Structures are given as C-alpha cells and as structure tokens.
Amino acid sequence: MNVAQLGTGTPEIAVVGGIHGDEPSGVRAVEHLLEENPTVNRPVKLIVANERAIEERVRYVDEDLNRAFPGDHDAETHEGRLAARLVDELEECLVFSMHSTQSHAEPFAVVEGLDATAREICPRLPVSALVETGPFAGGRLFDAVDTIEVECGMQGSETAAQNAIRLVRAFLTAVGVLHGDTVARELPVYELVDMVPKDGADRYEVFVDNFDRVESGDAFAAADGEPQIAQEPFYPVLMSPYGYENVFGYVAEKIDVIETSDGT
C-alpha cells in the first residue's frame, strides 16, 4: 500500500485506487494528482491499495480485497491483512474509491446507503446513475468506512483512466479540496435486490444493456445457447458474460431520482 498526501494537516478526505490489481484506472488518477500536485484548500490522502496485485497484474493475490473488509491484522491472507491496514489509514475519512468493470462503459456511482452525503455529492459527479448495494454490501470498503465508489468505465481502457481523472477532480471539488464549482444534475437511483446466477457453460451471452429496463418474458442472457428469461421486470446492473465467475450480474429496482437543487 502506497500512501501520500496533498496539503498539510489531518485529512478528512481520501482517494483510493487499486483495490483490484487488474483495474488500473484509479491508480492512473491517483498518479495524475500526485504529478499535478494542485493547490488544495484542505488536505487529502491519496492511496494506491493493493500494490502487490498490481505488480503481479492480477485482481487479487489471495482473496478479493473488496470482499475482505474490515480485515484482520493477523489474517492468513494478504488481502485480509491489507484490509485492516487500509481501514486504519481511512479512519474518520470520507473515501472516494475508483473501480472499473467489464460490463458498462459509462461511469456510475455505488454507495451502501442513500444518505445525505450521497445525495449531496453524487449528483455533482459526471456519472449516469447511482446504485445502492442493498443486501450486497458485506465485505466491501463502504462496509467499514464512509465511502463513495465509482465505476469509471471498461476495465483496462484509456477511456476509463481519463474518466477516473475527471471523476476524482469532480469529487475533490465537490468536497472543497480543489477550487472551483460543480454542477448538480438529475440522477436516477437503483437498488440491488438479487443476483443472477449462471450455470457452468463454455459460452455466455448477455442481450441487454445495463440500466435499461428488462420486461417480463424477455430473454436477457444465455449459457451455451440456453436463454435466461425474465420472470418479472427488472433493471440489470453490472451484468456481463464474463465479469463474474458464478453470476451474470445483479437485478435492480429503480427507487428514486435525485433532482438538482433548483428542481429541474
């Protein structure tokens, strides 16, 4: 874990990249900030988390770090110990954690709960949607510290890296670290309610776009040509053929729309 800081004093804001070693966009954004070294109004902590996984070019070494929180300093796994150290570093901070996906090119935000912080900050980020994890928060970073996650785009792409740089600058401006203003926008909110398992197969397909409503009776995915049929309407989130080992992705409900401050 590499920890740096912009500004003097005790940070109440932190930015984290590299939770997963195969998601370089957040690492690029942290490195960009360090190279730019902007003038800040308040201190911010900058962290590249799983350096060992990044060096080995794998998602994780022993276990998924974003399912290992709050961790244990005496854990048998690298990520279990790292999770505990990272929680210590982030204590009392509002955290901005950057990820990327194999399922959706447009950035979106992820939170554990739709609290006042999420309602204030997320509409000021260049994201297309806000996802509330519902029952699927266990072991993730925001299960241990106050966190806003963002999915920056397609994993490994230059677009995701550039998105990450834009996203982190917007976040740091919204919380008063950087000078400037942000513009709030209307933001749809979705809640995860279920996972879509996939049976063992040689070939997987997904026929729908994330955040586009799937109607009852629609074929939304297939395993070895066998279609998966929606039993009732839902919104797919993080759904892709090969993004997860045992599931296609998540079933979500649209639960809210956060409006801009002037109500437009």
Side-chain angles (χ1 to χ4, degrees), residues 16-29 59 64 66-67 96-112 114 118 121-134 136-137 140-142 147-168 170-171 185-198 204-215 218-223 228 230 233-258:
V16 178
I19 290 283
H20 293 129
D22 59 354
E23 297 177 3
S25 55
V27 178
R28 287 273 301 277
R59 185 170 181 82
D64 190 333
N66 212 28
R67 300 297 184 272
F96 189 70
S97 179
M98 293 170 284
H99 294 262
S100 54
T101 80
Q102 295 186 37
S103 64
H104 197 65
E106 294 297 318
F108 62 94
V110 185
V111 295
E112 182 179 15
L114 193 57
I121 294 174
C122 291
R124 300 182 181 279
L125 304 176
V127 295
S128 60
L130 174 60
V131 175
E132 186 178 0
T133 57
F136 302 103
R140 298 175 71 148
L141 179 58
F142 42 53
T147 302
I148 295 172
E149 284 188 2
V150 287
E151 297 287 355
C152 300
M154 298 301 287
Q155 184 176 326
S157 69
E158 179 62 24
T159 299
Q162 295 303 315
N163 287 343
I165 293 169
R166 290 191 301 115
L167 285 158
V168 74
F171 169 76
R185 70 202 73 199
E186 189 174 273
L187 192 62
V189 182
Y190 302 84
E191 181 181 13
L192 304 184
V193 297
D194 204 356
M195 292 188 293
V196 182
K198 60 183 182 184
Y204 299 104
E205 300 169 273
V206 168
F207 308 131
V208 296
D209 293 326
N210 285 284
F211 302 108
D212 284 355
R213 180 180 167 96
V214 175
E215 299 297 342
D218 286 352
F220 61 89
Q228 309 288 305
F234 72 94
Y235 290 89
V237 174
L238 288 168
M239 192 166 293
S240 67
Y242 300 102
Y244 295 103
E245 182 177 356
N246 299 313
V247 299
F248 280 106
Y250 292 91
V251 170
E253 297 176 350
K254 189 174 182 179
I255 61 170
D256 202 353
V257 176
I258 302 176

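As the structure is a computational prediction, the values presented were derived from the model and not from experiment.
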Item to check | salt bridge (charged side-chain N to carboxylate O under 4.0 Å, His left out) contacts touching residues 147-167 (sequence neighbours left out) | outcome: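 Every pair satisfying salt bridge (charged side-chain N to carboxylate O under 4.0 Å, His left out) with a residue in residues 147-167: Arg28-Glu158, Arg140-Glu149.
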side-chain hydrogen bond (donor to acceptor under 3.5 Å, both in side chains) against [X], all qualifying residues, sequence neighbours excluded:
X: Asn210; value: none
X: Thr147; value: none
X: Gln155; value: Asp22

Next on the checklist: Checking Glu253 now: which residues fulfil salt bridge (Lys or Arg N to Asp or Glu O under 4.0 Å) with it, not counting sequence neighbours?
Outcome noted: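 With neighbours one apart ignored, the set is empty.
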Looking at every non-hydrogen atom in both residues, tell me the closest pair between [X] and [Y] and how far apart they are.
X: Glu106; Y: Ser128; answer: CB-OG, 3.9 Å
X: Tyr244; Y: Phe248; answer: CD1-O, 4.5 Å
X: Cys152; Y: Ala164; answer: SG-CB, 3.7 Å
X: Glu132; Y: Ile255; answer: OE1-CD1, 3.3 Å
X: Ile19; Y: Ser97; answer: CG1-OG, 3.8 Å
X: Ala230; Y: Val214; answer: CB-CG1, 3.8 Å

How long is the straight-line distance from [atom2] of [Y] back to [atom1] of [X], given to the nearest 0.5 Å?
X: Met239; Y: Thr101; atom1: CE; atom2: OG1; answer: 13.0 Å
X: Glu191; Y: Tyr250; atom1: CD; atom2: OH; answer: 13.0 Å
X: His104; Y: Ser240; atom1: NE2; atom2: OG; answer: 12.0 Å

Side chains of [X] and [Y]: closer than 4.5 Å at any heavy-atom pair?
X: Asp256; Y: Leu130; value: no
X: Asn163; Y: Ser25; value: no
X: Phe142; Y: Val111; value: no

Checklist entry - Does Asn66 reach the main-chain N or O of Leu141 with its side chain, forming a donor-acceptor pair under 3.5 Å? => result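 Pair found, side chain donor or acceptor close to backbone of Leu141.
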Checklist entry - Where the side chain of Ser157 meets the backbone of Ala160, is there a donor-acceptor pair that is under 3.5 Å apart? => result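 Confirmed, Ser157 side chain pairs with Ala160 backbone.
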Item to check | Parallel, tilted or perpendicular: ring planes of Phe211 versus Tyr190, cut at 30 and 60 degrees | outcome: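 Phe211 vs Tyr190 ring planes: tilted.
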Next on the checklist: Under the side-chain contact (heavy atoms from CB on, under 4.5 Å) test against Val189, which residue among Val257, Leu114, Val131 passes?
Outcome noted: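 In the set Val257, Leu114, Val131, the residue that makes a side-chain contact (heavy atoms from CB on, under 4.5 Å) with Val189 is Leu114.
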Next on the checklist: Out of the candidates Tyr204, Phe207, Phe234, Tyr235, only one should pair with Phe220 under the ring-ring contact (aromatic ring centres under 6.0 Å, His included) rule; please name it.
Outcome noted: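 With Phe220 as partner, ring-ring contact (aromatic ring centres under 6.0 Å, His included) holds for just one option, Phe234.
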Checklist entry - Could you walk me through whether Met98 and Leu167 pass the side chain to side chain contact (heavy atoms under 4.5 Å, CB included) check? => result CA-CA 9 Å; Met98 293 170 284; Leu167 285 158; 5.6 Å; no
Item to check | Verdict with reasoning, Leu187 to Cys122, per side chain to side chain contact (heavy atoms under 4.5 Å, CB included) | outcome: CA-CA 8 Å; Leu187 192 62; Cys122 291; 3.9 Å; yes
Checklist entry - Can you name the side chain to side chain contact (heavy atoms under 4.5 Å, CB included) partners of Glu215, sequence neighbours left out? => result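 In terms of side chain to side chain contact (heavy atoms under 4.5 Å, CB included), with neighbours along the sequence ignored, Glu215 is linked to Arg213, Asp218, Pro233.
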Item to check | Chi angles and distances behind the side chain to side chain contact (heavy atoms under 4.5 Å, CB included) call for Val110, Phe136 | outcome: CA-CA 11 Å; Val110 185; Phe136 302 103; over 6 Å; no
Checklist entry - Run the side chain to side chain contact (heavy atoms under 4.5 Å, CB included) check on Met154 and Thr159 step by step: do they pass? => result CA-CA 8 Å; Met154 298 301 287; Thr159 299; over 6 Å; no
Item to check | N-O pairing of Glu23 and Arg59 below 4.0 Å | outcome: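 Between Arg59 and Glu23 there is a salt bridge, with a charged N closer than 4.0 Å to a carboxylate O.
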